[in-house]
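Hydrogens, waters and symmetry mates play no part in the numbers below; they use all other heavy atoms, side chains included.
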Protein chains: 2
Amino acid sequence: MDLEKDSQTKLLETATTLFAQKGFNGVSVRQLAEAANVNIAAISYYFRGKEGLYQAVLEEQFAPIAAALSQTKTANKLSATEQLSMYAKHIAIIHRQRPLFTRFIFNEVSNPTPFFDLIFKKYISKIFQFITGALTKGIADGDFAADLNINHAALSLAGIMNFYFIVNPLAKTIMPLDNTSDAEEYTVQAYRIYLDGIRRKKDE
Amino acid sequence: MDLEKDSQTKLLETATTLFAQKGFNGVSVRQLAEAANVNIAAISYYFRGKEGLYQAVLEEQFAPIAAALSQTKTANKLSATEQLSMYAKHIAIIHRQRPLFTRFIFNEVSNPTPFFDLIFKKYISKIFQFITGALTKGIADGDFAADLNINHAALSLAGIMNFYFIVNPLAKTIMPLDNTSDAEEYTVQAYRIYLDGIRRKKDE
DNA sequence: GTCTATATTGCGATAGAC
DNA sequence: GTCTATCGCAATATAGAC
């Protein structure tokens, strides 16, 4: 129960939800404190203010990314397709472990906070480089269509794999007849569509 | 030149840029007025306040969507592939006419304003229905793979077609070696990848 | 570690002069 | 149509009591 947790933990958990839903500018420290059932002064006491609390939330959200990136160092030996599959697999893992993760990314892209540059340099650009590296290798090996624009193809992959999670809060409204919606199933199908789409065709 | 435009026009144009970049909560009326080189009271005078100004910006941004949706009524006779191509074509047109359009969509998804429901019911759900309709038809006609989850496949298409424009402001940082990046080229390739990916395979 | 009270700043809006 | 001055309110942050 909430009542058993200390103020610091309650604040971090509540802030994760609220910041994800409304963005940094969309939540006030009063709302945060009230929702966490904690005195407003606790935010400064534990996190040195609203920005410090937000930073703590971000760091917690990005922890699985750091873990995933550390595994890519051994990916050189894998085929291009296996590398892309590795990306797809980690996407599914991260979204399962951190269901709100994409929302933080897109809040930052929409309305960057002072932490955006850090996140970007540390994580996002490395993910992008991993994908473009795999695509380059796949084209060189003859696995993927030779006329792909690599940067665009990398954005296509990121788009098709992550879009579901961006709009997930709207899914129930958007898909009234869908009672089987499942994140895992989405990533599998999206990745298959993408891989079939970039593959070198037989008549080429 | 700006100096020749009236205050109302200058406000609308400035607000379009600033709201797109920082979201509704991220911009103050003082910033708006200063950036537009207009007195702060002009916002209430012309637009009845900050929300009215934002609404005016939204309506202007969504005008091409209304035009595109009106054309889908005659799409019944087209094949499923032609219907999806129609969607892809309109995506390219809208992004060319309104480069900031996607940012408004995603600002609304991230941090909904009171206008979100209106936008959503009026436009987004109809686009989604158009896509799912085309996919259903394509599967029935044997054009697309029979085991597609239609709702997921529709989100995949929306994701692959629009992601580029969401992250476009970051493109230069993300793609340091790319000097040919072009929105039109992106949409063509992304659509081709998607279409090849959902197509019924020969050995099925 | 918690809470109240308050300091300070910035917000959106507008009355009323010009 | 434009501008100044100002109102009322909410924001973040913290000093100091307990």
Legend entry - Qualifying residues under side-chain hydrogen bond (donor to acceptor under 3.5 Å, both in side chains), relative to A:Q189, sequence neighbours excluded: none
Inset, instruction - Please state how far atom CD in A:E51 lies from atom C1' in D:dA13, giving the value in whole angstrom units. - result: 12 Å
Inset, instruction - For B:S44, report the nucleic acid contact type (base, sugar-phosphate, nothing); a contact means any heavy atom under 4.0 Å. - result: base
Inset, instruction - Determine, for B:R200 against B:D143, whether the closest basic-nitrogen to carboxylate-oxygen distance falls under 4.0 angstrom. - result: no
Inset, instruction - Let me know the distance between CZ of B:F47 and C1' of C:dA13, rounded to the nearest Å. - result: 16 Å
Legend entry - Spacing between A:Y54 atom OH and D:dA13 atom C1', to the nearest angstrom: 20 Å
Inset, instruction - In whole angstrom, give the distance that lies between atom CZ of B:R48 and atom P of C:dA15. - result: 15 Å
Legend entry - is_close_aromatic(A:F163, B:F163), centroid dist under 6.0 Å: no
Legend entry - Rounded interatomic separation in angstrom, taking CG from A:L11 and P from D:dT12: 13 Å
Legend entry - Salt bridge A:D196-A:K201, side-chain N to carboxylate O under 4.0 Å: no
Inset, instruction - Nearest whole angstrom, please: distance from the P of C:dC11 to the CG of B:L32. - result: 11 Å
Legend entry - Protein-nucleotide distance (A:K22, atom NZ; D:dA11, atom P), rounded to Å: 12 Å
Inset, instruction - Validate the cation-pi geometry between B:K50 and B:F24: distance from NZ or CZ to the six-membered ring centre under 6.0 Å, angle to the ring axis within 45°. - result: yes
Inset, instruction - Before accepting this row, confirm whether a basic side-chain N of the pair A:D6/A:K10 lies closer than 4.0 Å to the acidic partner's carboxylate O. - result: no
Inset, instruction - Mind calculating the distance between NZ (A:K50) and P (D:dA11) to the nearest angstrom? - result: 9 Å
So which protein N/O to nucleotides 1-8 of chain D N/O distances come out below 3.5 Å?
{"from": "D:dG1", "atom 1": "OP2", "to": "B:Y45", "atom 2": "OH", "distance (Å)": "3.1"}
{"from": "D:dT2", "atom 1": "OP1", "to": "B:S7", "atom 2": "OG", "distance (Å)": "3.1"}
{"from": "D:dT2", "atom 1": "OP2", "to": "B:S7", "atom 2": "OG", "distance (Å)": "3.1"}
{"from": "D:dT2", "atom 1": "OP2", "to": "B:Y46", "atom 2": "OH", "distance (Å)": "3.0"}

